[in-house]
Amino acid sequence: MSLRLLPGGRAADLPGLLVTGAAEVVTVAGGPRRGSGQGDVDRRSAADVGGIGAENAPAVAAWEGRILGVGGLADLERLVDAEGYPLERFGRLDAAGGAVSPGLVDPHTHLIFAGSREGELELRQQGAGYLDILAAGGGILSTVAATRAAATETLEDHGRHWLAEMLTHGVTTVEAKSGYGLDLATEVRLLDIAYRLGQEGPIEVVPTWLGAHAVPPELRSRPDATEAYVRLLLEEQLPGVAAHGRAVAADVFCETGVFDADQSRRILTAAAGYGLRPRLHADELAPSGGAELAAEIGATTADHLATPSETGIAAMATAAEDGRPVVATLLPATTWFLMKDHHAPARTFIDRGVPVAIGTDFNPGTSPTPSLPLAMTAACLNLRMTPDEALAAVTVNAALALGLADEIGSLEAGKQADLVVWSVPTTRQIPYWPAADLVRTVVKRGVIVLDRN
Ligand SMILES: [Zn+2]
């Protein structure tokens, strides 16, 4: 039976899709990865069955946006036929000797903001620290001022621009935090923009409320500034954000000198009461009780973790062992961009059985990169993760960090048909060619949304 070719790389109006001609299909199927399994990505290689184009070379079949199966082409065609799907209604996407992976999932970005902060790079080169930069009018608060002043349309255009950039790096789902408004009206505006951009597509956007990103400028001169803002968050901002209904998760910058563990616990517990999944920026600059808190309250993910305490690591290891894992979402592009020589202990987390995810932390101050593959390179070079461990970290484990492990992050029957065809024959080359454009085709929910052929 012959199959119709997809015309010119644009979405064909066919309900089925068959991806063929791959050198390998890496499914990352079988659930989130941790411990010695972190790097088990389930690689199906054409070379093992007679080469690309062989009768049973690895292929992927999808129908109406969901994956029907992954397997040898001949087996898959028989399965599709046996289950009653009309083969002539499948378009065929030729991977042309490239590797096929699940669509990448970026589990940590600050997508919606205005302005840029390139001057801070030079200040840092001259040895300026966080507080010096803040005193010079930089840092988070300068982005807050620019964001509050920006028109909604400007913020939306900016977010759309960077999502398009992320798509070119193979990303099909992105978490997007608010946190540059720090007042109810602007936070709601940012969450609304994130939500609308997700509805617009093709990238799926998961909005997270990060009202507790910093204490806003209008409160900072008060002696009880942080506590006053926490009360405002609990009494006004959180109820308002929850009623607005766009955010699905709540995040707190839990760090000594920002929001302490007790304040973070109060905010996240209250947020959970409104049905928002708790997550936190934890132990980025100093051990601050963030990892411990994440395990205690059952956060879906604890992020950064450059300096967790031994107690915090042990708490996360126990949680993982007990089947209620907190994902360690590590952000190596940030430590790289900040020129730090101390990195998150990824190998320790892996050794202790904690699932590890990787994100870009895309933001205008400390990690202005939209490239998740570049973050994979940083994970390999600075965190000593293997390329396969890094791939699991940006697919199925990143999906787990977003509470979406049943929907996305791997190529297996029933999940969304989100996948990438790479121009290289193995996904092990993704972190190996830093900053190269390796994406050939991106499929979101069964539709070709980017094609460089
Ligand atoms: Zn962040």
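Numbers for residues simply follow the sequence, beginning at 1. In listed order, ligands and their atoms are each counted from 1.
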* Test E389 against every option in R347, R34, R384 by the salt bridge (Lys or Arg N to Asp or Glu O under 4.0 Å) rule and name the one that passes. => R347
* the Zn ion (ligand 1) - closest N/O/S atom in H110 -> NE2
* **Shortest-distance N, O or S atom of H281 relative to the Zn ion (ligand 1)** =>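 Closest to the Zn ion (ligand 1) among those atoms: NE2.
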* To do: Please answer whether the main-chain N or O of A286 pairs with a side-chain N or O of S288 as donor and acceptor at a distance below 3.5 Å.
  => yes
* **Side-chain donor/acceptor of K444 to backbone N/O of G65, under 3.5 Å** => no
* Within the stated cut-off of 2.8 Å, is an N/O/S atom of D361 closer than that to the Zn ion (ligand 1)? -> yes
* Show the numbers, then the answer: is there a salt bridge (charged side-chain N to carboxylate O under 4.0 Å, His left out) between K340 and E284? => CA-CA 11 Å; K340 302 220 172 191; E284 177 185 0; 5.8 Å; no
